[in-house]
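One structure is given below, encoded as structure tokens.
Remember, it's a predicted structure, so these values are computed and weren't measured experimentally. Chain identifiers are assigned alphabetically (A, B, ...) following the order of the sequence lines, protein sequences preceding nucleic acid strands; residue numbering begins at 1 within each chain.
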2 protein chains.
Amino acid sequence: MLRLSRLTDYAVVVLARMGEEATALQSAPGLAHRTGLPEPTVAKVLKTLAQAGVVEGLRGARGGYRLSKPLPEIKLTEVIVAFDGPIALTACVDGGSGLCESEHLCPVRGRWDPVNTAIRDALEKISVAELAGHALSPAEADFRLAAE
Amino acid sequence: MLRLSRLTDYAVVVLARMGEEATALQSAPGLAHRTGLPEPTVAKVLKTLAQAGVVEGLRGARGGYRLSKPLPEIKLTEVIVAFDGPIALTACVDGGSGLCESEHLCPVRGRWDPVNTAIRDALEKISVAELAGHALSPAEADFRLAAE
DNA sequence: GGAAATGGGACTGGTTTGGTCCTATTTAAG
DNA sequence: CTTAAATAGGACCAAACCAGTCCCATTTCC
Ligand code: FES
Ligand code: FES
């Protein structure tokens, strides 16, 4: 289905929620509660995002996570790469030789690169903020909490 | 890895090989031999391509497959859709509601659409011919055969 | 010192996918 | 008319992959 990891989807949801209070320090359990997603999953997502440098994690009691840059500056590619790895559409990786067994017979050898860059370019232009529907209103957020 | 099905890769290889003799009727075993790919796999790929209308299959002895249109007119999306299904990057399909359990809590709901169209547009512009490295020279083809 | 949080990774069940094989159907050749 | 060669279609199985959970170490505030 050419689908990306479900965790990527979750990540966007979590980031969107964080974007509503961009400066605040928010804990994983807290965010789980506010997004309605299961807590262990949110924790995992945040860990990965922290590794990628998209969010910044502060340890200790009263610790939590914080966006390391404003939502509109977070490119979608950053998130995707964090969870799905480098954006390369095929098994025959970009310049890499030696990995494909039928390489010496293959007319396509390496030719996927233009495709990959085309997709990277397309995704590069999209920020997470654009996916977030930038900020549900606070009222709407309250409604969601109530719905739980 | 955001990778597409390996069969898609094979398909492009096979199509590229067919493009070298675009009008000729070529059998699955023959193409398998010429591409160096295992025969059952090539057969499967061709069946799928036939269903998608990319190639045309003729039955019976002396049957075979033929491109249903010239290689440069075959868009990459056609091939991808044939093997990987519709190009939609997330589990939450385009307009479809009701499939996602946390939809009522989800700030992203449906917002992936722009991403999907961005990717579709990018892929739409690429033809299989562009990936094929359009035609190894006949000499090169002979070399390959000899190399087997 | 204890509680609360992140950091990092191991483990596992479920799903998906690739690859193979089998059978029916069609058509040309002998 | 029989046989052979090919496509059409689908069933099946093993392997790879992924999500989800859990566990333990580390850090920091109270
Ligand atoms: S299939 Fe691997 S190089 Fe072409
Ligand atoms: S995660 Fe499904 S609608 Fe957002």
> Would you say B:Y10 reaches C:dG18's phosphate, i.e. side-chain N/O to OP1/OP2 under 4.0 Å?
Replying inline: no

>> If the cut-off is 4.0 Å, is B:S5 near the phosphate of C:dG18, judged by side-chain N/O to OP1 or OP2?
In response: yes

> Once you round it to whole Å, what is the distance between C1' of C:dT17 and CG of B:L7?
Replying inline: 8 Å

>> Taking any heavy-atom pair under 4.0 Å as a contact, classify A:L58: base, sugar-phosphate, or nothing.
In response: sugar-phosphate

>> Side chains of A:Q26 and A:R34 only: does a donor on one sit below 3.5 Å from an acceptor on the other?
In response: yes

> Atom CG of B:L25 to atom C1' of C:dA28: distance rounded to whole Å?
Replying inline: 12 Å

> On a plain distance test, is the side chain of A:K44 in donor-acceptor contact with the base of D:dG20 below 3.5 Å?
Replying inline: yes

> Taking the side chain as C-beta and beyond, is there a heavy-atom pair between A:R17 and A:L31 under 4.5 Å?
Replying inline: yes

> Between C:dG8, C:dG18, C:dG7, which nucleotide gets closest to the side-chain atoms of A:A50?
Replying inline: C:dG7

> Taking side chain as C-beta onward, heavy atoms only, is A:L7 less than 4.5 Å from A:T48?
Replying inline: no

> Looking across every strand, which nucleic acid part, if any, lies under 4.0 Å from B:A43 by heavy atom: base, sugar-phosphate, or nothing?
Replying inline: nothing

>> Nearest whole Å is fine: how far is D:dA19 C1' from A:K47 NZ?
In response: 14 Å

>> Go nucleotide by nucleotide along DNA chain D from the 5' end; which of A:R62 and A:P38 gets its closest nucleotide reached first?
In response: A:P38

>> What is the distance, to the nearest angstrom, from the CG atom on B:D84 to the P atom on C:dT16?
In response: 14 Å

> Can you check the B:L4 CG to C:dT16 P distance for me, whole Å?
Replying inline: 18 Å

> Taking OP1 and OP2 of D:dT21, is either one under 4.0 Å from a side-chain nitrogen or oxygen of A:T41?
Replying inline: yes

>> A side-chain contact here means heavy atoms from C-beta on lying under 4.5 Å apart; do A:Y10 and A:L37 qualify?
In response: yes

> To the nearest Å, how far apart are A:F83 CZ and D:dC17 C1'?
Replying inline: 17 Å

> Salt bridge check: are A:E78 and A:K69 linked by an N-O gap of less than 4.0 Å?
Replying inline: yes

> Given atom CG of A:D9 and atom C1' of D:dC18, what is their separation to the nearest angstrom?
Replying inline: 15 Å

> Separation of A:E39 atom CD from C:dT6 atom C1', in whole Å?
Replying inline: 12 Å

> With nearest nucleotides of DNA chain C determined for A:A61 and A:E56 from heavy-atom distances, which residue corresponds to the more 5′ nucleotide?
Replying inline: A:A61

